[in-house]
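Note that this is a predicted model, so its numbers are computed, not measured. Residue numbers begin at 1 in each chain, while the letters A, B, ... track the order of the sequences. FYI, side chains are in, hydrogens and waters are out, and symmetry mates aren't considered; it's all heavy atoms of this structure.
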There are 2 protein chains.
Amino acid sequence: MKTFNIGELSAQSGVASHAIRFYERENLMPDPARTQSNYRRYPEDAIARLQFIIHAKQWGFTLEEIRELLMLQDANGDRAEAKRIASEQLEKIRHQIQSLSRIEAVLSKTLEECSGEGPMDGCPIVEAIAQER
Amino acid sequence: MKTFNIGELSAQSGVASHAIRFYERENLMPDPARTQSNYRRYPEDAIARLQFIIHAKQWGFTLEEIRELLMLQDANGDRAEAKRIASEQLEKIRHQIQSLSRIEAVLSKTLEECSGEGPMDGCPIVEAIAQER
DNA sequence: ATTGACCTTAAAGTTAACTTTAAGGTTATG
DNA sequence: CATAACCTTAAAGTTAACTTTAAGGTCAAT
């Protein structure tokens, strides 16, 4: 089995060495084996674990939530817990979409109304923001 | 004309006194008049300015962008500039919506596939995150 | 044997947008 | 006149998720 030092793992995973050490301190990555000279030695599956972290981040999970998911995996925990975490994430995402969509509607309408010419005084954009709600 | 000290302005606007001073340092609020005892004295329109800031924040503008908009207003600058700033903001919001919608689709589909029962091993949620793309 | 590219740790810096703390002056009330 | 509730400034702390710096040990190549 191939093993990697931290620089090689960094190159394979696209995660900076310092970030990998940070994940270790934050208990997202397990303490790796060490060489005689105290260098970290990673097994191949460390790449997959880092990619899991990257993807979960892209999905909007916080490191805290990712740590929970990884701990469930490591402990072969309860699937219901993972579902709860992911469901909460889905709810958050849906709220964000709703909120952004409302803003998008008003902002795009406002931009259509603004010619983009003339002085600031009476600018529909400014007036839309200044509007009480 | 009524004037306010910072605590009254805070109560009227819903923005904490310290945040108001912070906005002053950050050039979002103009340096106010002072009493003999060096207390800040605000005119009524300070309330509207703070509300403009609050609303712009709700629309997702950064303080930096809000400062730009306020400077344009204060200088009675060019409406085209305001339109550019708002257009960029609209683009950002649309990208966020797109990105979140993609995540929402995959995540909700994954959640449907996961019974929420049994051990983590083989959990569709974990597998969906671990998936290469 | 020396250079350069790695690796180690611990600690401090980054960003945004504040909040909190510290140490003290002022004003209103009983 | 004392006490509480204001106000002042400057500086440090907060959060997330790292990055950067400092000071030094190790390894591969020339």
Participant: Starting from P on dC18(C), measure out to CG on L28(B) and report it in whole angstrom.
Facilitator: 9 Å
Participant: Report all interatomic pairs (protein N or O, nucleotide N or O of nucleotides 12-15 of chain C) with separations under 3.5 Å.
Facilitator:
none

Participant: Should N5(A) and Y42(A) be marked as a side-chain contact (heavy atoms from CB on, under 4.5 Å) after you check the CA-CA gap, both sets of side-chain angles, and the distance that decides it?
Facilitator: CA-CA 6 Å; N5(A) 62 22; Y42(A) 292 97; over 6 Å; no
Participant: How close or far is atom P of dC7(D) from atom CZ of F4(B), stated in whole angstroms?
Facilitator: 13 Å
Participant: If I take atom CE in residue M29(A) and atom C1' in nucleotide dA17(D), what distance separates them, rounded to the nearest angstrom?
Facilitator: 16 Å
Participant: Does one side chain, of T35(A) or R41(A), offer a donor that lies under 3.5 Å from an acceptor on the other?
Facilitator: no
Participant: Provide the closest heavy-atom pair for L50(B) versus S13(B) in the form atom of the first, atom of the second, distance.
Facilitator: CD1-OG, 3.5 Å
Participant: Given atom CD1 of I20(B) and atom C1' of dA17(C), what is their separation to the nearest angstrom?
Facilitator: 15 Å
Participant: Using side-chain contact (heavy atoms from CB on, under 4.5 Å), reason through L70(A) and M29(A) one step at a time and then give a plain yes or no.
Facilitator: CA-CA 9 Å; L70(A) 287 167; M29(A) 293 297 285; over 6 Å; no
Participant: When you group the ILVMFWY residues by side-chain heavy-atom contacts below 4.5 Å and let the links chain together, are Y39(A) and F22(A) in the same group?
Facilitator: no
Participant: Generate the contact string for nucleotides 2-9 of chain C. Rules: B means base contact, S means sugar-phosphate contact only, - means no protein heavy atom under 4.0 Å.
Facilitator: ----BSBB
Participant: May I have the distance from Q36(B) (atom CD) to dG25(C) (atom P), rounded to whole angstrom?
Facilitator: 18 Å
Participant: Counting only N and O atoms by type, is there a donor-acceptor contact under 3.5 Å from the side chain of R79(B) to the main-chain atoms of M120(A)?
Facilitator: no
Participant: Report yes if a side-chain nitrogen or oxygen of K57(A) is closer than 4.0 Å to either non-bridging phosphate oxygen (OP1 or OP2) of dC18(D); otherwise report no.
Facilitator: yes
Participant: From CD of E26(B) over to C1' of dT19(C), roughly how many Å is that when rounded to an integer?
Facilitator: 14 Å
Participant: Take Q12(B) and F4(B) through the side-chain contact (heavy atoms from CB on, under 4.5 Å) test and state the conclusion after the steps.
Facilitator: CA-CA 9 Å; Q12(B) 294 290 318; F4(B) 307 96; 4.1 Å; yes
Participant: At their closest point, which heavy atom of I93(B) faces which heavy atom of E104(A), and how far apart are they?
Facilitator: CG2-CB, 4.0 Å
